Asks: 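First the structure, which I've put down as structure tokens, then a few questions once you've had a look.
This structure is a prediction, so every number in the text was calculated from the model and none was measured.
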Amino acid sequence: GAQRLGCAFVVKQDDAVAKLRMVLVLPSARGLGVGKQLVRACIEFAKQAGYQHMTLWTNDILHTARAIYIAEGFQLVTEERRHSCGRDLVVQHWQRAL
């Protein structure tokens, strides 16, 4: 239907690199492939805009999101431990060629 189930956005990191900045999916739509469709749309947008690479960061506890990124060809570049929002987290930086 015409209901919005999520959103995503891409920003310019530099002339060659697009950054997948955020992907949000409503709880009621999780598990339906919406996140995968949003990530694919962002990759396609970045390709059409002429970027050569796409990067993103996430936390290691976001297992479903990480599975999508891996399936779409992203590779883990770096990890770093941080304490944020009262939790110990591992921040991960991912990248893929376009």
Side-chain angles (χ1 to χ4, degrees):
Q3 184 180 5
R4 288 193 176 121
L5 302 176
C7 64
F9 67 92
V10 175
V11 297
K12 177 181 179 178
Q13 183 167 310
D14 61 40
D15 288 342
V17 181
K19 186 172 192 173
L20 180 58
R21 185 61 188 94
M22 189 173 296
V23 178
L24 300 172
V25 177
L26 292 175
S28 62
R30 292 181 184 155
L32 302 176
V34 174
K36 184 184 300 186
Q37 290 177 359
L38 288 169
V39 171
R40 285 181 177 170
C42 289
I43 291 168
E44 188 57 35
F45 166 80
K47 286 179 183 178
Q48 294 293 323
Y51 291 103
Q52 297 169 358
H53 292 90
M54 180 172 267
T55 187
L56 65 91
W57 71 266
T58 190
N59 291 303
D60 70 330
I61 61 171
L62 299 175
H63 303 289
T64 303
R66 288 182 12 195
I68 292 170
Y69 304 142
I70 291 167
E72 295 305 318
F74 285 90
Q75 294 181 330
L76 181 62
V77 178
T78 63
E79 292 182 306
E80 58 188 80
R81 295 193 177 279
R82 287 191 190 165
H83 187 80
S84 181
C85 301
R87 298 183 71 168
D88 290 326
L89 300 171
V90 177
V91 175
Q92 298 179 325
H93 299 267
W94 296 75
Q95 184 172 320
R96 67 159 281 167
L98 299 173

Asks: Please find the pair of heavy atoms, one from Leu38 and one from Gly6, that lie closest to each other, and give the distance.
Replies: CD1-C, 4.0 Å

Asks: So Asp88 and Arg81, do their side chains get closer than 4.5 Å, heavy atoms only?
Replies: no

Asks: Can you sort out the partners of Ala41 under side chain to side chain contact (heavy atoms under 4.5 Å, CB included), two or more places apart, ordered by chain and number?
Replies: none

Asks: Which residues pass the side chain to side chain contact (heavy atoms under 4.5 Å, CB included) test with Arg87, not counting sequence neighbours?
Replies: Ile61, Leu89

Asks: Taking side chain to side chain contact (heavy atoms under 4.5 Å, CB included) as the test, write out the residues that go with Gln13, two or more places apart.
Replies: Val17, Lys19, Thr55

Asks: Side-chain polar contacts of residues 91-98 - donor-acceptor pairs under 3.5 angstrom, sequence neighbours left out - could you list them?
Replies:
residue: Gln92; atom: OE1; partner: Trp94; partner atom: NE1; Å: 3.3
residue: Gln92; atom: NE2; partner: Glu79; partner atom: OE2; Å: 2.7
residue: Arg96; atom: NH1; partner: Glu72; partner atom: O; Å: 2.5

Asks: With sequence neighbours excluded, give me every ring-ring contact (aromatic ring centres under 6.0 Å, His included) pair touching residues 71-90.
Replies: Tyr69-Phe74

Asks: Roughly how far, to the nearest 0.5 Å, is CD1 of Ile70 from NE2 of His63?
Replies: 11.0 Å

Asks: How long is the gap from CE on Met22 to CZ on Phe9, to the nearest 0.5 Å?
Replies: 4.5 Å

Asks: Under a single-linkage definition using a 4.5 Å side-chain heavy-atom cutoff for Ile, Leu, Val, Met, Phe, Trp and Tyr, are Val23 and Leu76 assigned to the same hydrophobic cluster?
Replies: yes

Asks: Applying side-chain hydrogen bond (donor to acceptor under 3.5 Å, both in side chains), which residue pairs with at least one partner in residues 26-38 are found, sequence neighbours left out?
Replies: none

Asks: Work out which heavy atom in Met54 is nearest to a heavy atom in Ile43; give both atom names and the distance.
Replies: SD-CG1, 4.0 Å

Asks: Taking only residues two or more places apart in sequence or in another chain, which ones pass salt bridge (charged side-chain N to carboxylate O under 4.0 Å, His left out) with Arg82?
Replies: Glu80

Asks: Tell me, please, which residues at least two apart from Lys12 pass side-chain hydrogen bond (donor to acceptor under 3.5 Å, both in side chains).
Replies: Asp15

Asks: Quick check: closest heavy atoms across Cys42 and Val10, and the distance to 0.1 Å?
Replies: CB-CG2, 3.5 Å

Asks: Can you pull the ring-ring contact (aromatic ring centres under 6.0 Å, His included) pairs that have at least one residue in residues 19-59, sequence neighbours excluded?
Replies: none

